[in-house]
2 protein chains.
Amino acid sequence: MRMHNPPHPGEIIKSFCLEPLGVSITDAAKALGVSRKTLSAIINGRASISPEMAVRLSLAFSTSSESWLNQQSQYDLWHAEQSRNRLKVKRLAA
Amino acid sequence: MRMHNPPHPGEIIKSFCLEPLGVSITDAAKALGVSRKTLSAIINGRASISPEMAVRLSLAFSTSSESWLNQQSQYDLWHAEQSRNRLKVKRLAA
DNA sequence: AATAATGTAACGTTATAGGTTACAGTGTAA
DNA sequence: TTACACTGTAACCTATAACGTTACATTATT
């Protein structure tokens, strides 16, 4: 299990994409082709990066869509792993 | 962009987990602690592997939950990439 | 013939990604 | 001080999806 609570991908967008470029959430939302509400929710950790949003981010910031979706997966998985011990699952293979 | 349409994770479960062990969908669903319908939908590509399901699979088959969720991400992303050219996104960074 | 396994339809609940509109708060520039 | 831009977020909408139970038809296998 991963040790530390991974940051929500929204923090990465803010710190490594918007702030360095001096782009506001409002303008970034326009560039991404989504509503301000949608981007704001992601930035503030109240929504996830969907596969389509990962592609949008990759287009806007010349990155890989994979890296964005992987960040979301790792965030989601860390939280799912927190209830690992509470799941009643029988082992089928060693 | 990845070249080939990645298989749905359900095919992996069937081919590499259930069949080698001779375990039925019905029994596997019981072991995983989900309904037969839920597992059947995944195996037949009509549902996705959720983060919690990835943890269940990792418990049942002694694998990493990460590998299961990554398979799902790559499957989802491949499909999202198919509409990359149709998304109206303005580049914000080179 | 009886049983097991399967796919799937029909119904439900809950959650989430997306939208629009509107309002309140903050900061900044004229 | 007034005006404007930016922000968070609430309230409302829709569509999709992950889960559940029950039920039915089909195909195997015993």
Side-chain angles (χ1 to χ4, degrees), chain A residues 8-11 13-15 17-60 65 68-69 71-73 75-77 79-83 86-89 92, chain B residues 8-11 13-15 17-60 65 68-69 71-73 75-77 79-83 86-89 92:
Chain A
H8 190 281
E11 299 179 32
I13 299 177
K14 189 178 184 184
S15 303
C17 298
L18 303 194
E19 287 176 356
L21 294 170
V23 178
S24 69
I25 292 180
T26 301
D27 286 345
K30 284 177 189 162
L32 289 165
V34 300
S35 73
R36 180 171 67 87
K37 178 202 168 183
T38 294
L39 183 57
S40 174
I42 291 172
I43 299 270
N44 291 286
R46 290 181 295 104
S48 301
I49 294 185
S50 66
E52 184 182 295
M53 183 61 72
V55 176
R56 290 184 189 276
L57 290 167
S58 77
L59 287 164
S65 55
W68 290 111
L69 203 56
Q71 283 179 57
Q72 185 64 54
S73 291
Y75 178 84
D76 292 341
L77 198 50
H79 290 277
E81 286 283 3
Q82 303 311 300
S83 40
R86 264 161 280 151
L87 299 179
K88 286 168 191 163
V89 176
L92 288 172
Chain B
H8 191 281
E11 299 178 32
I13 298 177
K14 189 179 184 184
S15 304
C17 299
L18 303 195
E19 286 176 355
L21 294 170
V23 177
S24 70
I25 292 180
T26 301
D27 287 345
K30 284 176 191 162
L32 288 165
V34 300
S35 73
R36 180 172 67 87
K37 179 203 168 179
T38 294
L39 183 56
S40 173
I42 291 172
I43 299 272
N44 290 287
R46 290 180 295 103
S48 300
I49 294 185
S50 66
E52 184 182 295
M53 183 62 70
V55 176
R56 290 183 188 276
L57 290 167
S58 76
L59 286 164
S65 55
W68 289 110
L69 203 56
Q71 284 178 56
Q72 185 63 54
S73 291
Y75 179 84
D76 292 340
L77 198 50
H79 290 277
E81 286 284 3
Q82 303 311 301
S83 41
R86 263 162 280 152
L87 298 178
K88 288 169 190 163
V89 175
L92 288 172

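Note on naming: letters A, B, ... go to the chains in the order of the sequence lines (proteins, then strands), and numbering restarts at 1 for each one. Source: prediction; values computed, not measured.
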Separation of atom CZ in Arg46(B) from atom C1' in dT16(D), rounded to whole Å
15 Å

Decide yes or no for His8(A) and Gln71(A): does some side-chain heavy atom of the first lie under 4.5 Å from some side-chain heavy atom of the second?
no

Measure from the side-chain heavy atoms of Ser48(A) and tell me the nearest of dG8(D), dA18(D), dA17(C).
dA17(C)

Name the residue closer to the 5' end of DNA chain D, choosing between Ile43(A) and Ile42(B) according to the nucleotide with the nearest heavy atom.
Ile43(A)

Considering only dA17(C), dA18(D), dC6(D), which nucleotide approaches the side chain of Ala47(B) most closely?
dA18(D)

Spacing between Tyr75(A) atom OH and dT16(C) atom P, to the nearest angstrom:
11 Å

Quick one: Asn44(A) CG to dC6(D) P, roughly how many Å, whole number?
17 Å

Side-chain contact test, heavy atoms from C-beta onward, threshold under 4.5 Å: evaluate it for Thr26(A) versus Leu39(A) and give yes or no.
no

To the nearest angstrom, the CD1-C1' distance between Ile49(A) and dT16(C) comes to 15 Å

Taking the side chain as C-beta and beyond, is there a heavy-atom pair between Ser48(B) and Met53(B) under 4.5 Å?
no

Which part of the nucleic acid, if any, lies within reach of Ser50(B) when heavy atoms closer than 4.0 Å are counted: base, sugar-phosphate only, or nothing?
sugar-phosphate

Taking only nitrogen or oxygen atoms into account, show me every contact under 3.5 Å that the protein makes with nucleotides 20-30 of chain D, one pair per line with its distance.
| residue | atom | partner | partner atom | Å |
| --- | --- | --- | --- | --- |
| dG20(D) | OP1 | Ser35(B) | N | 3.1 |
| dG20(D) | OP2 | Ser35(B) | N | 3.0 |
| dG20(D) | OP2 | Ser35(B) | OG | 2.7 |
| dG20(D) | OP2 | Thr38(B) | OG1 | 2.3 |
| dG20(D) | O6 | Lys37(B) | NZ | 2.3 |

Do Pro9(B) and Ile42(B) have side chains that get closer than 4.5 Å, going by heavy atoms?
no

Which pair of heavy atoms, one from Arg56(A) and one from Leu32(A), lies closest together, and at what distance?
NH1-O, 2.8 Å

Rounded to the nearest Å, what distance is computed from the CZ atom of residue Arg56(A) to the P atom of nucleotide dG19(C)?
7 Å

Quick one: is dA5(D) close enough that its OP1 or OP2 comes under 4.0 Å of any side-chain N or O from Thr26(A)?
no

To the nearest Å, give me how far apart NE2 (His79(A)) and P (dA15(C)) are.
17 Å

Using atom CD1 of Ile25(A) as one end and atom P of dT26(C) as the other, report the distance to the nearest whole Å.
17 Å

Whole angstroms only, please: what is the CD-P distance between Glu52(A) and dA17(D)?
13 Å

For the side chain of Ser24(B), starting at C-beta, report the closest nucleotide among dC6(D), dT8(C), dA5(C).
dA5(C)

Show the nearest heavy-atom pair for residues Pro51(A) and Leu77(B), with the distance to one decimal.
O-CD1, 4.1 Å

Minimum side-chain heavy-atom gap Ile13(B)-Ile49(B) below 4.5 Å:
yes

